[in-house]
Every structure is written in C-alpha cells, then in structure tokens.
Participant: 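Please read through the structure below; I'll follow up with questions.
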Amino acid sequence: MKEGNNKSTQKLNLKSLLSPQKKITYKLIAESDVKKSKGIVDLKLIKADLQQLKDPPITPWERKICANRLPFSFYNVPCTILAKNILGKILVRKLDNGIILKGKIVETESYLGIADKASHTYQGKVTPRNIPMYMLPGTIYVYITYGMYHCFNISSQEKGSAVLIRSLEPLEGIAQMRENRNDKVHSKSPKKLLKELKIHDLCNGPSKMCISMQIEKKHSKYSMCDWNGLWIEDNVIQEEMKIVECPRIGIKSAGDEWAHKPLRYYVYGHKCVSKRDKIIEAALF
DNA sequence: CCAGTGATGCACT
DNA sequence: GTGCATCACTGGC
C-alpha cells in the first residue's frame, strides 16, 4: 500500500532493512539502481558500504610474492564460468606474520544472484551482511553460518552473484593449517589434539578451509584483485581434470527447483572434495 | 564408509 | 523467535 514504487522500474523486489550503525532504511539494490528514493535512502552510507577495503601500501616483498595474482578480468565473468574456471587454480593466503598458505581449489558452488532462491541475494534483498555480493567482481564475501562456521565467497559478474569456495587440496603451509584446525578443535574437546589430521581432512569443506586458511568475517569487502592477504594464481602444472556438475549442498529449504540445479562443481576423483555425488558420477559412465 | 544428530550464535520474519 | 550455503562425533555396517 505504502511503497508500490517499483512497478514502473524493475522486477526487483526491494526490501528495506536497518543499517547496523543508524536507523536508516535502505531502499535500493546497488549502484545504478540508486534513483529517486523518497528521501529514505542515505546514499553516502550506501556508497561507504560499497567501498572496497584496502590495506596499507604494500612492500616490495609483498609486491613480488603476489606478482602472479590473477587480475580483475578473471573474476569479471558469469558466475558459473568463474566457478568452473577457478577449479585447479591456486588459492594463496599471506598471514600477517608473513607465513604463506597455498591450496589447489577442487570444489566450488555458484550462487547466481537475485533469481537464485538459495542465494542470500534472492529477489534483490540487500542487508548489511550480503552487500559484498553486489560489489565488484573479485570482492570477498565471508559470512557466518550455523552460529560458528565461516563460508568464503568471491563475487562474480552478475548482480548479487558469487562463487562459494568449498574445498582445497593443501599444498603449502600444512603445519600451520594443522595448528589452526587443532586450535579450533582444542577449545571444544582437548583430547582430540593428540590426533593428527590427515592432509585431505584439513580443507575438505567450506568452513574447514576457512579455519585452515584463517579466512574470517573481517575480510569481507576486500578484493581478490588487490588485497595482499589473499589472491589466486594460475596453476602452472596443467593436469588432466574431469569436472563433476551436481546439486549444491545444504540448501534443501530453497525448494526442489533450485536445490536440484547442478551448480556445484568438483574435480572428479579428488580426495579433498567434501562430498561425492555418486548418483551423478555413475551417470558419467 | 555412511546416516543421524546436537552444538551454537548471528542475521533477519 | 526461527533458521541456517556446517562440523565432529557416534554407532551401524
């Protein structure tokens, strides 16, 4: 009754929300959707939210170690393309203390944006949490799920779209990864510290990977294109790689149609994948 | 190996 | 108050 103003513009279902800082109602999606807004949109606040976070200027050493970083054009492609292209690439993390962690990406999922019922941006919803999904391709989106676990995403070309990185094959900094994971487990059940995790158990799941790689919520809104803590490199070793395309995990509540779309991708036969889809795999032969 | 389940706290009806 | 884009553990094969 009161706000039927989007019928003349787009199909977007604009929802309102509260900013965490002030009680100001958002009324838009992003950049170009900013129009006349009945005075309830605080544009300055929106633009501040959409701004990429940046680190202090990088040192020559830092410039050197991330010289092989993949550029903006790698991320500026449709979501499903990025999700598949990113398989086999090397995710590199530089910790504050200088330690380098590396892993080969072996499992991803696409979240297509405003049309995708399983996406946080379904119907163009904007919240303080999901803003990174509307930002430039390559923007990092980390959120907390089930109260205690992190998921790491990278925004892609379409509005509100992002790729979820689910699993890595650990390549470098494995001792540090074990330490990170043990610390986490230790806080719950100290006995388990004695058990050494297998390499393929370090990063075979979205949250395990975040723990091993020390990827946290505060890293949201940084860009894979210029933050010197995290980037992706091409894999010089081009190995044979079959890709399995199957339904995504953990989105049952999105309804049958979207829950069944084959938007999860993983390297066939790889030990570090979080969960095989045996039905789909059987159909490959 | 696999399915079932409790934990846990934040984001948002 | 409800619902998670998960994990670690358990007990069954």
Side-chain angles (χ1 to χ4, degrees), chain A residues 13-21 23 25-26 49 79-80 83 105 107-133 140-156 160-168 177-178 180-198 200-213 215-218 220 246-255 257-266 271-279 281:
Chain A
N13 177 13
L14 304 181
K15 302 213 170 173
S16 60
L17 71 147
L18 299 179
S19 143
Q21 307 295 334
K23 290 212 160 190
T25 305
Y26 289 153
D49 270 337
C79 188
T80 58
I105 297 167
E107 181 183 356
T108 61
E109 283 180 5
S110 290
Y111 285 84
L112 303 184
I114 61 180
D116 183 351
K117 216 169 172 183
S119 172
H120 289 170
T121 54
Y122 179 52
Q123 293 184 318
K125 184 173 68 169
V126 182
T127 69
R129 179 177 71 160
N130 72 12
I131 280 177
M133 292 185 75
I140 293 165
Y141 173 44
V142 181
Y143 68 89
I144 295 171
T145 189
Y146 296 99
M148 56 188 127
Y149 297 118
H150 297 263
C151 289
F152 163 54
N153 302 253
I154 303 172
S155 74
S156 52
S161 69
V163 172
L164 170 69
I165 312 295
R166 287 190 58 91
S167 299
L168 303 179
M177 292 184 193
R178 275 212 181 89
N180 295 342
R181 293 259 287 136
N182 278 335
D183 285 351
K184 186 79 173 188
V185 173
H186 180 60
S187 59
K188 292 185 70 166
S189 43
K191 310 169 188 176
K192 295 299 169 193
L193 231 157
L194 299 174
K195 203 194 291 181
E196 183 165 76
L197 285 164
K198 305 279 188 200
H200 71 265
D201 279 329
L202 289 172
C203 298
N204 61 335
S207 179
K208 294 176 181 178
M209 183 200 66
C210 285
I211 296 166
S212 287
M213 301 290 280
I215 295 171
E216 296 159 29
K217 182 158 166 53
K218 67 181 181 189
S220 266
C246 60
R248 294 171 290 185
I249 288 181
I251 56 163
K252 213 180 77 179
S253 65
E257 187 193 348
W258 284 96
H260 288 138
K261 285 183 190 289
L263 295 173
R264 182 165 77 104
Y265 315 96
Y266 66 87
K271 217 177 172 187
C272 298
V273 168
S274 66
K275 195 171 180 357
R276 294 173 60 181
D277 190 317
K278 292 190 173 166
I279 297 171
E281 287 188 14

Participant: Can you tell me how far P of C:dA5 sits from CD1 of A:Ile154, to the nearest Å?
Facilitator: 19 Å
Participant: For A:Met133, answer base if it contacts any base atom (sugar-phosphate contacts may also be present), sugar-phosphate if it contacts only those atoms, and nothing otherwise; contact means non-hydrogen atoms under 4.0 Å.
Facilitator: base
Participant: Within the 4.0 Å heavy-atom criterion, would you say A:Ser274 contacts the bases, only the backbone, or no part of the nucleic acid?
Facilitator: nothing
Participant: Just to verify, what does A:Tyr143 make a ring pair (Phe, Tyr, Trp, His ring centres under 6.0 Å) with, not counting sequence neighbours?
Facilitator: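 Expected list: A:His120, A:Tyr141.
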Participant: Side chains of A:Ser110 and A:Thr80: any donor to acceptor distance under 3.5 Å?
Facilitator: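 There is no such pair between these side chains.
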Participant: Output the rounded distance in Å from OH (A:Tyr146) to P (C:dA8).
Facilitator: 14 Å
Participant: When you compare the side chains of A:Glu281 and A:Tyr266, does any donor N or O come within less than 3.5 Å of an acceptor on the partner?
Facilitator: yes
Participant: Look up atom NZ in A:Lys271 and atom CG in A:Asp201, then write down how far apart they are to the nearest 0.5 Å.
Facilitator: 9.0 Å
Participant: What nucleotide among C:dC7, B:dC12, C:dC4 has an atom nearest to a side-chain atom of A:Thr127?
Facilitator: B:dC12
Participant: Base, sugar-phosphate alone, or nothing: which one does A:Ile144 contact when heavy atoms must sit under 4.0 Å apart?
Facilitator: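 No contact.
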Participant: For A:Tyr122 and C:dA5, give me the distance from atom OH to atom C1', rounded to whole Å.
Facilitator: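 Roughly 16 Å, once rounded to whole Å.
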Participant: Side chain of A:Arg166, heavy atoms from C-beta onward: which of B:dT13, C:dA5, B:dA7 has the nearest atom to it?
Facilitator: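 Nearest to the side-chain atoms of A:Arg166, counting from C-beta on, is C:dA5.
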Participant: Taking the side chain of A:Lys275 as its heavy atoms from C-beta onward, which of B:dA3, C:dA5, C:dC7 lies nearest to it?
Facilitator: B:dA3
Participant: State which of B:dA11, C:dC7, B:dC2 makes the closest approach to the side chain of A:Lys217.
Facilitator: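 When the side chain of A:Lys217 is considered, B:dA11 is the closest of B:dA11, C:dC7, B:dC2.
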Participant: Got A:Ile114 and A:Tyr122 here, is their nearest side-chain heavy-atom distance under 4.5 Å?
Facilitator: no
Participant: Can you give me the closest heavy-atom contact between A:Ser274 and A:Arg264, atom names plus distance?
Facilitator: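 Shortest heavy-atom contact: OG-NH1, 4.2 Å.
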Participant: Under the side chain to side chain contact (heavy atoms under 4.5 Å, CB included) test against A:Met209, which residue among A:Asn204, A:Ile105, A:Ile165, A:Leu202 passes?
Facilitator: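 Per the side chain to side chain contact (heavy atoms under 4.5 Å, CB included) rule, the option paired with A:Met209 is A:Ile165, out of A:Asn204, A:Ile105, A:Ile165, A:Leu202.
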Participant: Are any of A:Arg181's side-chain N or O atoms less than 4.0 Å away from OP1 or OP2 of C:dC7?
Facilitator: no
Participant: Would you indicate which nucleotide in C:dA8, C:dA5, C:dT6 comes nearest to any side-chain atom of A:Tyr143?
Facilitator: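 Output: C:dA5.
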Participant: Show me the dot-bracket string of DNA chain C, counting Watson-Crick or G-U pairs under 3.5 Å, with | for pairs to another strand and [ ] for crossing ones.
Facilitator: ||||.|||||||.
Participant: Let me know the distance between CZ of A:Arg264 and C1' of C:dT6, rounded to the nearest Å.
Facilitator: 14 Å
Participant: Which listed nucleotide (C:dC4, C:dA8, C:dA5) is nearest to the side chain of A:Lys208?
Facilitator: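 Among C:dC4, C:dA8, C:dA5, the one nearest the side chain of A:Lys208 is C:dA8.
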Participant: Have a look at A:Arg248 and say if it touches a base, only the backbone sugar-phosphate, or nothing, with a 4.0 Å heavy-atom cut-off.
Facilitator: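 Result for A:Arg248 = nothing.
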Participant: Closest to the A:Met148 side chain: B:dC12, B:dT8, C:dA8?
Facilitator: B:dT8
Participant: Taking 4.0 Å as the cut-off, does a side-chain nitrogen or oxygen of A:His120 come that near to OP1 or OP2 on C:dA5?
Facilitator: yes
Participant: Picking from B:dC2, C:dA5, C:dT6, which would you name as closest to the side chain of A:Lys278?
Facilitator: B:dC2
